[in-house]
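This chain uses plain numbering: 1 for the first residue, then up along the sequence.
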Amino acid sequence: MAKETRFFDAFGRQLKLSIHTFAPARVITFDKAKQEATIELLFKSVDQGGNAESYPPLEKVPVLGMRYEVLEATDVTVEGLKADAVDVNGNESTFKTREPLLMAPFYKPDDIVFVAFAERALDNLQNRPFDPDSYRTHSLVDAVIIGGYQLT
């Protein structure tokens with residue numbers, strides 16, 4: 001009975017390790033214009049023999065962005081900014097706006113990010129419900145960077 005138990009325990013472990021959900025990664029390169037990165041997963045892959053090896057780099061991984069909107073129609077002052085832009089007062093490190101704030105993530109090599117892997121293939125992603133037209137699930141190919149992580 002113990003032999004069967006070990007088989008099913010090992011089978012269950014391999015099955016779980018093949019389902020990618022959420023992982024830390026290191027940025028290798030970042031394309032600010034395309035909002036895509038090449039990343040190295042920090043978790044290693046473990047084969048059936050228990051040997052650990054690094055995954056190959058993942059390329060053209062899209063970065064999840066955020067859109068912010070000023071909720072009040074009055075001037076808003078954001079302090080603590082340092083930037084070269086027409087609307088920014090560099091002396092006071094402030095800017096004022098009545099327009100939505102569109103912020104794009106920016107990563108540097110060696111930044112740590114967290115990556116999510118879509119339940120289904122993202123190849124046919126659109127702005128309405130769609131058929132992924134693929135059996136691919138939780139694949140490394142369908143990675144999306146969801147944010148940065150500051151190591152202490």
Side-chain angles (χ1 to χ4, degrees), residues 1-71 76 78-85 88 90 93-95 97 99-152:
M1 189 71 143
K3 186 176 182 179
E4 290 84 7
T5 301
R6 283 193 303 273
F7 168 79
F8 284 111
D9 286 346
F11 178 75
R13 176 172 166 70
Q14 281 306 117
L15 185 62
K16 290 175 191 173
L17 287 173
S18 71
I19 300 172
H20 305 289
T21 55
F22 186 74
R26 182 182 66 82
V27 174
I28 298 171
T29 63
F30 178 72
D31 185 326
K32 184 177 176 181
K34 292 182 180 178
Q35 288 292 290
E36 294 177 341
T38 297
I39 60 172
E40 172 189 39
L41 294 179
L42 297 180
F43 289 148
K44 290 191 172 192
S45 174
V46 180
D47 65 19
Q48 291 180 346
N51 302 309
E53 62 181 49
S54 296
Y55 288 98
L58 303 181
E59 299 177 341
K60 297 183 179 181
V61 178
V63 175
L64 184 69
M66 296 289 177
R67 181 178 297 170
Y68 297 93
E69 184 174 5
V70 177
L71 297 179
V76 174
V78 179
E79 297 183 31
L81 296 176
K82 303 265 188 227
D84 285 333
V88 175
S93 299
T94 63
F95 77 94
T97 181
E99 300 296 321
L101 301 174
L102 300 177
M103 298 183 168
F106 178 75
Y107 295 108
K108 299 179 291 189
D110 295 325
D111 280 353
I112 303 301
V113 294
F114 270 92
V115 183
F117 304 93
E119 289 182 27
R120 303 280 303 274
L122 294 176
D123 300 337
N124 297 327
L125 181 62
Q126 343 180 358
N127 64 355
R128 62 183 189 276
F130 70 100
D131 180 4
D133 196 29
S134 173
Y135 291 104
R136 195 171 68 230
T137 62
H138 301 279
S139 173
L140 298 177
V141 175
D142 300 306
V144 176
I145 296 171
I146 59 172
Y149 187 80
Q150 190 69 37
L151 292 176
T152 56

Compare every heavy atom of [Y] with every heavy atom of [X], then report the nearest pair and how far apart it is.
| X | Y | value |
| --- | --- | --- |
| Arg120 | Thr137 | CD-CG2, 4.2 Å |
| Ala143 | Val61 | O-CG1, 3.6 Å |
| Tyr55 | Lys44 | CE1-C, 3.8 Å |
| Ala23 | Phe117 | CB-CE1, 4.0 Å |

I need the [X] [atom1] to [Y] [atom2] distance, nearest 0.5 Å.
| X | Y | atom1 | atom2 | result |
| --- | --- | --- | --- | --- |
| Arg136 | Leu122 | CZ | CG | 7.5 Å |
| Ser134 | Asp142 | OG | CG | 7.5 Å |
| Leu41 | Leu58 | CG | CG | 4.5 Å |
| Lys60 | Asp31 | NZ | CG | 10.0 Å |
| Glu4 | Asp9 | CD | CG | 11.5 Å |
| Leu151 | Asp111 | CG | CG | 10.0 Å |

Whether Arg26 and Glu40 form a salt bridge (side-chain N of Lys/Arg under 4.0 Å from carboxylate O of Asp/Glu) is what I want to check.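 Yes.
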For Phe130, which residues count as a side-chain contact (heavy atoms from CB on, under 4.5 Å) partner, sequence neighbours excluded? Asn124, Leu125, Gln126, Pro132
By side-chain contact (heavy atoms from CB on, under 4.5 Å), which residues pair with Pro24, not counting sequence neighbours?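 Partners of Pro24 by the side-chain contact (heavy atoms from CB on, under 4.5 Å) criterion, ordered by chain and then number, come out as Leu42, Phe43, Phe114.
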Taking the side chain as C-beta and beyond, is there a heavy-atom pair between Val113 and Val63 under 4.5 Å?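 No. Closest side-chain heavy atoms not under 4.5 Å.
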Heavy atoms, side chains only, cut-off 4.5 Å: are Gln35 and Phe30 in contact?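 Sidechains of Phe30 and Gln35: in contact.
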Crowding at OH, Tyr149 (>12 non-hydrogen neighbours, <6.0 Å):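 No, OH of Tyr149 has 12 or fewer neighbouring heavy atoms, counting only those of other groups under 6.0 Å.
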